[in-house]
Amino acid sequence: WGTKIFNYGRHEVRNFLVANALYWLDQYHIDGLRVDAVASMLYRDYSRPAGQWLPNIHGGRENLEAIDFLQRLNTVLGAERPQAVTIAEESTAFPRVSRPVHEGGLGFHYKWNMGWMNDTLAYVGRDPVHRSHHQRELTFGLMYAFSERFVLPLSHDEVVPGKGSLLGRMPGDRWQRFANLRAYLGFLYGHPGKKLLFMGGEFGQWREWNHDGELDWALLDDPAHAGVQRLVRDLNRLYRALPALHALDAHAAGFAWLDHHDAAASVIAFVRRDAGAGLVAVVCNFTPVVRTGYRIGVPEPGVWRERINTDSVHYGGCNFGSPWAELHSQPVPAHGRPWSIALTLPPLATLFLEHARCAWRTSQAPAPSTRPAVRPAVRPAVRSSASPPRWRCSRAVRIRWARISMVAVSTLPCSRRMRTASSCACSTTAASASCAASRFRRAAVTSFTAGCPPPVRASSTVCGRTDRGGPTRGTAS
């Protein structure tokens, strides 16, 4: 850009730059600073031809004075404004950018993952028929995802004039473009790393960013754009609600592949974990093909409940997916795991499945005030003598329990009826969420969206712009 290079070896220059950073934080109360083009500071030969740079005192290409300045900058900001965040836009493999200074790092809180951004945008910009040859562009980022504390940046740099908007990059017709964008946003929120989505991307603006004008808010009158906005809203809510999606972003223990080898189908699946027992499986289908009976190995047995389906009719999708948004694991080995689930994968969509085992432990029996009015008879699961006793309930028992509870609750006074109603759900989720999901599923059973395909088998048909029939479904998001 023709900007000048500071002489970081001079004390007055370093003090001037640190004072500027403190001024913005102190006087304007901004939340943090992003340092642009850090790579040009770290290397003396960055974007410079031979003969236009001098090596450091050790004969190397690293700018030792710039490294010392960045460490001092982050040390001072951490002491004077500990609530502020500092982020480095650094595009090379320079080590420990987001590690503390006392560990030999530069001291930034986060580093932009430029490689992830370039690879994944290139992948989703390809026609789905060619994506099977480029599966590595989706998966390579996990080779180094835990070497730094990364931000996944879909920033202003990607929607400037000449590059196109996120929606404009997507291939296919109008329906496929919106479906691609929704699937990509789901992949973004499921992937390890903090999320950055530049304004306009949250509702799928067609135009590139114009810094002289406002966003195209009138597009929200279009149901397709409003659906993308609702999806981003629900993704943000889910991201906050489930620690498995954010608690171990910078640790390999928070991520595990379920399957990344099915390049022919352009399907990937992985699981996110928190520090406890929380598990969330993320499954992405990047082809416009409905895949029924698609089996995925899971790390734990039990119930896997769909939390978000980007193909939901509420987001402008076709409403394909697993019936009742609930999947019970089966003792069928798959992908090196003894348990698996059979999915109906929607076209060009991402699924979020939360693990919720339906079980009671005798040592953790509910208090009398929270028990249902009538407790059904259940049989103990077959377990080894070394395992602690535990009670499990099947789907049939849960249905029977719900019916018995409804009869018992209907005979109570109104005040007790309201209190008892919240205890009749056999699940680990809140009863209000379960009831809301049930009402939604009943309401959505006849919902359709124009432009979506009929339910078809993966071997023969892709998702096109035709009228569809057959069963529909809802989502419990």
Side-chain angles (χ1 to χ4, degrees), residues 116-117 119-142 145 152 154 166 169-172 176-193 195 197 228 231-232 234-235 238-239 242 244-245 255-272 279-298 304 306-312 315 317-318 320-322 325 327 334-335 340-354 458 462-463 475 477:
W116 177 91
M117 177 267 298
D119 288 346
T120 59
L121 283 178
Y123 179 87
V124 296
R126 303 181 189 277
D127 190 284
V129 73
H130 302 304
R131 288 175 179 172
S132 61
H133 306 291
H134 302 276
Q135 186 93 333
R136 185 174 179 271
E137 292 175 338
L138 279 184
T139 60
F140 181 71
L142 273 303
L152 308 179
L154 299 179
L166 290 180
R169 291 169 180 255
M170 304 300 164
Q176 289 193 5
R177 289 192 175 199
F178 277 99
N180 268 298
L181 178 60
R182 293 192 303 267
Y184 184 53
L185 291 175
F187 173 69
L188 165 70
Y189 274 79
H191 196 283
K195 325 304 176 191
L197 181 61
V228 175
L231 173 63
V232 174
D234 289 349
L235 286 171
L238 189 72
Y239 186 78
L242 300 182
L245 293 178
F255 176 90
W257 281 113
L258 297 179
D259 181 35
H260 61 90
H261 298 293
D262 195 0
S266 296
V267 173
I268 61 170
F270 53 88
V271 68
R272 301 294 309 278
L279 292 172
V280 177
V282 182
V283 186
C284 305
N285 178 17
F286 285 104
T287 58
V289 178
V290 182
R291 304 186 183 279
T292 59
Y294 194 92
R295 190 163 293 277
I296 293 288
V298 291
W304 292 80
E306 183 182 286
R307 295 301 303 270
I308 280 184
N309 177 356
T310 64
D311 191 56
S312 167
Y315 309 136
C318 297
F320 286 112
S322 303
L327 297 158
H335 303 126
S340 63
I341 54 177
L343 296 164
T344 296
L345 291 185
L348 295 173
T350 296
L351 301 178
F352 287 79
L353 305 170
E354 181 186 14
V462 298
C463 195
T475 184
S477 59

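Source: prediction; values computed, not measured.
Inter-residue side-chain proximity for L231 and I308 is flagged as met; some heavy-atom pair is nearer than 4.5 Å. Side chains of S132 and T287 form no contact here, defined as non-hydrogen atoms less than 4.5 Å apart. Considering only heavy atoms from C-beta on, F178 comes within 4.5 Å of V228 through its side chain. Here the side chains of L353 and V282 are not in contact, with every heavy-atom distance at 4.5 Å or above. Residues Y184 and L121 are in side-chain contact: their nearest non-hydrogen atoms beyond the backbone lie under 4.5 Å apart. Within the 4.5 Å cutoff, side-chain heavy atoms of L351 are placed close to those of E306. Taking 4.5 Å as the limit, some side-chain heavy atom of H335 sits within range of a side-chain heavy atom of I296. Using a 4.5 Å heavy-atom threshold, the side chains of L185 and L197 count as touching.
Considering every non-hydrogen atom in both P346 and N285, the closest pair reads O-ND2, 2.9 Å. The nearest pair of heavy atoms linking V290 to P347 is CG2-CD, 3.7 Å. Closest non-hydrogen pair, V298 versus L258, comes out as CA-CD2, 4.5 Å. Closest heavy-atom contact between G172 and R177: O-NE, 3.4 Å. Looking at every heavy atom in both residues, G186 comes nearest to T310 through CA-CG2, 4.4 Å.
Checking side-chain atoms of N180 against main-chain N and O of M170 turns up no donor-acceptor pair under 3.5 Å. With D311 contributing its side chain and T350 its backbone, the two residues share no donor-acceptor pair below 3.5 Å. Although no hydrogens or angles enter the test, the distance criterion places a donor-acceptor pair under 3.5 Å between the side chain of K195 and the main chain of L188. Counting only distance, with no hydrogens or angles, the side chain of R272 and the backbone of F255 share no donor-acceptor pair below 3.5 Å. Using a distance-only test at 3.5 Å, with no hydrogens or angles considered, no donor-acceptor pair links the side chain of D262 to the main chain of V267.
Proximity of the aromatic rings of F286 and Y123 is defined here by a centroid distance below 6.0 angstrom, and this criterion is met. A centroid separation of less than 6.0 Å is found between the aromatic rings of W116 and H191.
Salt bridge status for E137 with R131: absent, with no side-chain N to carboxylate O gap under 4.0 Å.
L235 contributes atom CG, which lies 5.5 Å from atom CZ of F352 (distance to the nearest 0.5 angstrom).
Ring orientation note: the planes of H260 and W257 are tilted relative to one another, at an angle of 30° to 60°.
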